[in-house]
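Lettering of chains follows the sequences in order, A, B, ..., and the numbering in each one begins at 1.
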Number of protein chains: 2
Amino acid sequence: MIESEPSPNGAAEAESSSRKRVVIGDVAARAGVSKSAVSFVFNNRSGVSASARERILRAADELGWRPSARARALSRSHAQAVGLVIRRDPELLSTDPFFPQFMAGVEIGLTAHDYSLVLQVVADEQSERAAYHRFADASRVDGVFLTDVRIGDTRPQDARELGLRAVVIAPEDAASDDGVAIGMNDSDGVRRAVHHLHSLGHRRIAHVMGAPMYVHTEARRRAWREALVDLGLPVGTVVTADFTGASGARATHELLDLPEPPTAIVYGNDLMAIAGVSAATDRGVRVPEDLSVVGFDDIPLAPYALPPLTTVRQNVVAWGTAAAQTLVALVEGRQPPTVRLPPVEFVVRGSTGPTRDRRHA
Amino acid sequence: MIESEPSPNGAAEAESSSRKRVVIGDVAARAGVSKSAVSFVFNNRSGVSASARERILRAADELGWRPSARARALSRSHAQAVGLVIRRDPELLSTDPFFPQFMAGVEIGLTAHDYSLVLQVVADEQSERAAYHRFADASRVDGVFLTDVRIGDTRPQDARELGLRAVVIAPEDAASDDGVAIGMNDSDGVRRAVHHLHSLGHRRIAHVMGAPMYVHTEARRRAWREALVDLGLPVGTVVTADFTGASGARATHELLDLPEPPTAIVYGNDLMAIAGVSAATDRGVRVPEDLSVVGFDDIPLAPYALPPLTTVRQNVVAWGTAAAQTLVALVEGRQPPTVRLPPVEFVVRGSTGPTRDRRHA
DNA sequence: TTGTACGCGTTATCAA
DNA sequence: TTGATAACGCGTACAA
């Protein structure tokens, strides 16, 4: 199990015997050219004849050589890697569909350019700052994605000072000019939710918001409020929660305890919405007969909730890809492509229905 | 928003003006010693006097210098990074609590040793192989975690051939000696689920298994079967599904269509279990009155399902940490520490109850 | 197209 | 033992 002979040059090839690492010189020699020629070919630069290029590619292929990311990173002063720091509660991390989807999308954008994604999961703000510093000081990455943007977040400036390129993933209307941003469009989804509830006859529509420090939490709250105002409905009650199931259940109880409880609730995410349904059911309030519920995210479980959850779906994978393309362009000093993100979808399922509120019937 | 002046040397320090990167030589000069002395101090090696060490540390601190991971990686032939390749359907990726928790745990183990985690999310087997090759050929990482181990999986050998150290995360009983393994203990959870159901009077206990290519799927099925045999119960029906909600619902319908339907079902994960509850409810079968349901994973939503889901919980974060410590030790040629993983927990909630099966009452 | 300096720590070799 | 010097790792980039 353990190397018997941890050779000083790294035990990595203890097994594969004499075959030492193939380097650019080997390829050059085999193709009968200089190292530079090989380098040129592998960087798609001109200055190599077609026949030489052909021989070089064949030689590299036969030897199974690919440029070492390590050597390349050093000579180019460029890590060919970008970083993502995730700061989350353990609970939220494992329900939130955002990160897995976002990372899957990022991968698509990065792999095309042969960049790597370096990940760091941290629990608190202090570790988060340390993580960005490690990234920058050790030059492990060339740029970072900034997600879960908080109100008054200084990370865009911090990143700039650390010499890291950054792409901010935040709601469109919250995007400042601190850096290049990929705009999420949360407002649209919430607006559609409110309109949907309005069309079902609801007039007392409450909102359970997530952790208030995030700009997207605020964006969703604002969209909810504006939609109500636009429709001429009274602005309902908003309860602050924190995106966890427990907080969603608690907030729901608070709302149902009101003298005039809402007939519909728009939640900041699906987890709180489903916990809300559970809380309502516990006290004999039926969904959707007595209370309509809308979530946000469309987690894979949403169709299987009881009742199936009406919710807002965003194409987070597409954001990830767009963010990655933008960041790579930024790192390479190119003009970032103009990204066109797919529109938000609103998915109507069984947790919303016509109001039975007699007072307004 | 966009840099006005994309300088050729990478715009990274456009803002920070003249302050160019501090290098080891600067620290050495300031401390009045040679580069090697600085290097020795930062690698905890002897050969530097206490006073010199003191000056060096102060100089480095004042200059804010940390060794460049890039240069270090090149000279040590060592990336100081490990890789994780995730191959998953998009749907499963965003419900599965495994990866987020595992990564959070890995981070704990890696940060302590200043290693980075390089992530790659891929969709199919071909991209997966390519990903491992990229890791190895470009020497981006020193080792990899192998998760979602499949039956007949060749990745342990592949990794060895590529010169990558590997830690396999798989059920204990499936761990071969292909490499160092961190043992999951799925069987125990399933066994406890079956015993729990038995104690409630159930005699016809079915199983909905996940995608059959994974060793953990098979481990759970085997544990289910063995527990039944041990208890002297008839081996119930097993239906093959694939861990998705849709497959869980379909499998449940199949089971309830049987001439002698089960009174309890053990599912391979929570998503299928919750979808199963939904399917049962749709056809008028009440949970837990008519049917008891047990999941696996204890996702954060489990307590808020209707009824709250009885399920199996594993401390995946702990596995991640153990796997990371093991992999780092392996990469550095040390003896991996003996890991002691916390035991499986079985969480009883509302989806299981006494059987009403009159035939056996 | 090619030779060669360079990027930045690490380590083997020498000297004190 | 403490410390300095130089070679090295492996591509890249610039001068020739």
What does [X] touch in the nucleic acid at a heavy-atom separation under 4.0 angstrom: a base, only the sugar-phosphate, or nothing?
X	result
B/Ser68	sugar-phosphate
B/Phe40	base
A/Val38	nothing
B/Ala52	sugar-phosphate

Taking only side-chain nitrogens and oxygens of [X], does any of them come within less than 4.0 Å of OP1 or OP2 of [N]?
X	N	result
B/Ser39	C/dT10	yes
A/Arg70	D/dC10	no
B/Arg45	C/dT11	yes
A/Arg72	D/dT12	yes
B/Ser75	C/dT10	no
B/Trp65	C/dC8	no

Q) Which residue, A/Glu128, A/Arg87, A/Arg88, forms the side chain to side chain contact (heavy atoms under 4.5 Å, CB included) with A/Asp148? A)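 Single side chain to side chain contact (heavy atoms under 4.5 Å, CB included) partner of A/Asp148 among A/Glu128, A/Arg87, A/Arg88: A/Arg88.
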Q. With B/Tyr132, which of B/Val144, B/Val122, B/Asp137 fulfils side chain to side chain contact (heavy atoms under 4.5 Å, CB included)?
A.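 One option only clears the test, and that one is B/Val144.
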Q) Given D/dC10, C/dC8, D/dT2, which nucleotide is nearest the side-chain atoms of B/Leu74? A)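 The closest nucleotide is D/dC10.
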Q) Looking at the side chain of B/Ala37, which of D/dT12, D/dA4, C/dC8 is the nearest nucleotide? A)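 Of the candidates, D/dA4 comes closest.
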(Q) Quick check: any donor-acceptor pair below 3.5 Å linking the side-chain of A/Ser36 to the base of C/dG3? (A)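 When only heavy-atom distances are counted, A/Ser36 does reach the base of C/dG3 through a donor-acceptor pair under 3.5 Å.
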Q | Geometric class of the A/Trp65/A/Phe42 ring pair [parallel <30°, tilted 30-60°, perpendicular >60°] | A |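 Ring orientation, 0 to 90° scale: perpendicular.
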